[in-house]
Peer 1: 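If you scroll down you'll find the structure; I have some questions about it.
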Amino acid sequence: MPGKPASPTRQLSSLPLDSLKGVGPGLKQRLATLHLNNVQDLLFHLPLRYQDRTRIALIGRVLLGQDVMLEGEVVSCDIEFGRRRSLVCRIKDGSGLLSLRFFHFSAAQKNMLATGAKLRCFGEIRPGKTGFEIYHPEYQIIKAGESLAVSDRLTPVYPATEGLQQTRLRNLIDQALALVTGDSLREWIPQQVLAQAIRQTRWPNLSQALAYLHHPPADAPVQQLLEGVHPAQQRLAFEELLSHRLCLRRLRKQSAMQQSPGMHAPAHYRTQFLQQLPFKLTGAQQKVSDEIREDLEQRRPMLRLLQGDVGSGKTVVAALAALQAVDNHFQAAIMAPTELLAEQHYLNFCQWLQPLGLKIGWLSGKVKGRQRREALATIAEGSARIVIGTHALFQDDVVFQNLGLVIIDEQHRFGVHQRLALREKGNSQHTQPHQLVMTATPIPRTLAMSAYADLDVSVINELPPGRTPVNTLIIANTRRAEVITRIHAACQSGSQAYWVCTLIEESEALECQAAEVTWQALQAQLPDLKVGLIHGRMKPAEKAAVMSDFKQGALHLLVATTVIEVGVDVPNASLMIIENPERLGLAQLHQLRGRVGRGAKASHCLLLYQSPLSQAGKLRLGIMRDSNDGFYIAEQDLALRGPGQVLGTRQTGLMSFRIADLVRDADLLDPVRSAADYIEQSYPLHVDPLVDRWLGGRELYGNV
Ligand code: ADP
Ligand code: MG
């Protein structure tokens, strides 16, 4: 079996979705948004969690937040007129009473739920006006004399999307499971590799693992499954980590076959720049600059990740690298994930380099029409030596004269594909620009090695001198009035402040709405201050205008959503209020807090939490109060939050996995490394199918 690329039986990976019953063009499209493009993809679409429909719960015993299946008799069913009209159906089962509440309902529905009717329902227990309630339960009426069977397996709940119901997904995945045979779903990992990786626990084989996870038996260890440590999950996690590693190594190898320009001419601009810089490089900046300089001198493409805490001064290091390219008559491109951040860089670079007579190009999505044509022309003819911009830089019509270096800031916001696209802009077929990727995301070194197996890593582990650490305070929301007085005093004495509204239920729209409400309230409460607002739904031009007002001191207070998380640099801002900090991960809080403490003034960060705060919340915010060190905070976060939540892609933008977790599965990393080496050596034909299975068409890194 091993070694043969094609098997006579049709592989499920080449079986189209419309070979399944009930899949038409519309459904196919919706499945595609979940990256489900063939039958094998369905099998690897794994449940997020499970519902227990294997037994009927007693109303008297249910707990808040539980998903339960109940059976009961209707005792009343009435329309309630409140702020929102709803249909409230009370049911009893001998152990207690509970209400089912419907905000959308029909007359027919009300008639069916008549007093005396028996029904079975399923839903989540919530606190309601009448005590425990279930909103919009799934339900069915039990006819007289009828008894409904219970499921003998746990019910999977899948990641879904608009217009795609769980029942539909379950049905399709069941159809896919029925097609699994030893031949249609190949084990691409050789037996001896698996045997070596496992050591103690026994892992099921691939098809057993999938069958189990889609339909665990009623007595399955649910907690273990939720934590992702069941042997069936570990088996898949191993394969997923392996595929990622193989993919990164493949990227690296492809790159090693390319050439890049060696850059080692006399350093004219570099020297001038260093001479006019108002400060001296820190030891750490010097060290990583040397590493980068040596890389750039090689004809082998540089692929380097520069990690450095917020405020550690990565931009200067980027500028030095760019100037080495310019000194060698190459262009450098600097790409940032947001308009705001890109513009920030643009202004910095102009200030630093225009005095040296260098022309800096600018390209973003909002540059249109004639302006855009002109920008493209300066890039193509090479008069723009350094070009700064957003995603707009790697669109097809952007042609560089001779691009020698690509610098990407805040890597985690870009996918590998985008990185590749910019790399393609090198000047000829077999050469590609050097790449420098910068991130402020502190990840412990062992994890970094796995997460960025395709990159060399440099770390700036020192802040510029003279920074006063930000003083962080934890304050209950009940003391809001005091906080507002404090803002007033700070702004009166010439400082500026941020007020950050945090994410509400993962919805950007709601977050922006909340920021607007807060902005209005603060304007009313602080009538003699100029209060600005910035959030992700504003037009780029509006955002830029607000940001520039704030930078120039025309605004005292800036109400913002977490869009200001990365890169914003206003040294005069020395006070930050973060509302509901308990909702954010520590890494993100640390990023936010990094927006203050950039000037000489002592800075303060007030964590305005929603009281009461849980014990875990207290501990977490305590870490923020006690430390300003991003790496320390990341480690503590890891220890406190436990696996699974720590490196969520939204948090840190690390690679997004479907089942594996770099922290939880850290002990798999070593075996994965040796397995990857072995497969590359002895089973090279297995690499592509493995990578396709887990990563086909997906972004390798989380896209925030
Ligand atoms: P980050 O690593 O978060 O991107 P920046 O590059 O924006 O940090 O630098 C933060 C601030 O520190 C900037 O205002 C920058 O000019 C300043 N800075 C950088 N390096 C030094 C240094 N060696 N000495 C003093 N200030 C520095
Ligand atoms: Mg930066």
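Whatever order the structure lists ligands and atoms in, that order sets their numbers, starting from 1.
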Peer 1: Check Asp409 against ligand 1 and report side chain, backbone, both or neither, counting heavy atoms closer than 4.0 Å.
Peer 2: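 Contact part for Asp409 vs ligand 1: neither.
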Peer 1: Looking at Arg270 and Asp327, is any side-chain nitrogen of the basic one under 4.0 Å from a carboxylate oxygen of the acidic one?
Peer 2: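 Result for this pair is no, no salt bridge flagged.
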Peer 1: Ignoring hydrogens, just give me the one of Asn348, Val570, Leu341, Thr315 whose non-hydrogen atom is nearest atom 7 (O) of ligand 1.
Peer 2: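 Looking at heavy atoms only, Thr315 sits closest to atom 7 (O) of ligand 1.
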Peer 1: With a 4.5 Å heavy-atom cut-off, do Val500 and Glu579 have their side chains touching?
Peer 2: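 No; the side chains remain at least 4.5 Å from each other.
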Peer 1: Going by the atom numbers of ligand 1, which of them fall below 4.0 Å from some non-hydrogen atom of Thr282?
Peer 2: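 What qualifies from ligand 1 is 23 (N).
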Peer 1: Using a plain distance cutoff, I'd like to know if Gly311 has any nitrogen or oxygen under 3.5 Å from a nitrogen or oxygen of ligand 1.
Peer 2: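 Gly311 vs ligand 1: N/O contact under 3.5 Å present.
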Peer 1: With atoms numbered from 1 as shown, which atoms in ligand 1 lie under 4.0 angstrom from a non-hydrogen atom of Ser312?
Peer 2: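 Once the distances to Ser312 are compared, the set is 2 (O), 8 (O).
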Peer 1: Between Arg300 and Ser260, does any side-chain donor sit less than 3.5 Å from a side-chain acceptor?
Peer 2: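 The answer is no; no qualifying pair exists.
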Peer 1: By number and element, which atoms of ligand 1 are closer than 4.0 Å to a non-hydrogen atom of Lys280?
Peer 2: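 Near Lys280, the atoms of ligand 1 are 22 (C), 23 (N), 24 (N).
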Peer 1: Using a strict threshold of under 4.0 Å (side-chain N to carboxylate O), is an ion pair present between Arg293 and Asp290?
Peer 2: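 Yes.
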Peer 1: If we ignore hydrogens and angles and just use 3.5 Å, is the side chain of Gln324 paired with the main-chain N or O of Ala321 as donor and acceptor?
Peer 2: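 Between the backbone of Ala321 and the side chain of Gln324 there is no qualifying donor-acceptor contact (under 3.5 Å).
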Peer 1: Verify whether one side chain among His590 and Asn628 offers a donor that lies under 3.5 Å from an acceptor in the other.
Peer 2: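 No, no side-chain donor-acceptor pair sits under 3.5 Å.
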Peer 1: Return all side-chain donor-acceptor pairs below 3.5 angstrom for residues 345-364, not counting sequence neighbours, or 'none' if the list is empty.
Peer 2:
unit_1, atom_1, unit_2, atom_2, d
His345, NE2, Asp409, OD2, 2.6
Ser364, OG, Glu339, OE2, 2.7
Ser364, OG, Lys366, N, 3.2

Peer 1: Going by distance only, is there an N or O of Leu281 that falls short of 3.5 Å from an N or O of ligand 1?
Peer 2: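 For ligand 1, there is no N or O atom that lies under 3.5 Å from one belonging to Leu281.
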Peer 1: Using a 4.0 Å heavy-atom threshold (strictly under), name the region of Asp309 that reaches ligand 1: side chain, backbone, both or neither.
Peer 2: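 It is the backbone that touches ligand 1; the side chain stays farther off.
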Peer 1: Please work out whether any backbone atom (N, CA, C, O) or any side-chain heavy atom from C-beta onward of Met438 is under 4.0 Å from ligand 1, and answer side chain, backbone, both or neither.
Peer 2: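 Met438 to ligand 1: no contact under 4.0 Å from either part.
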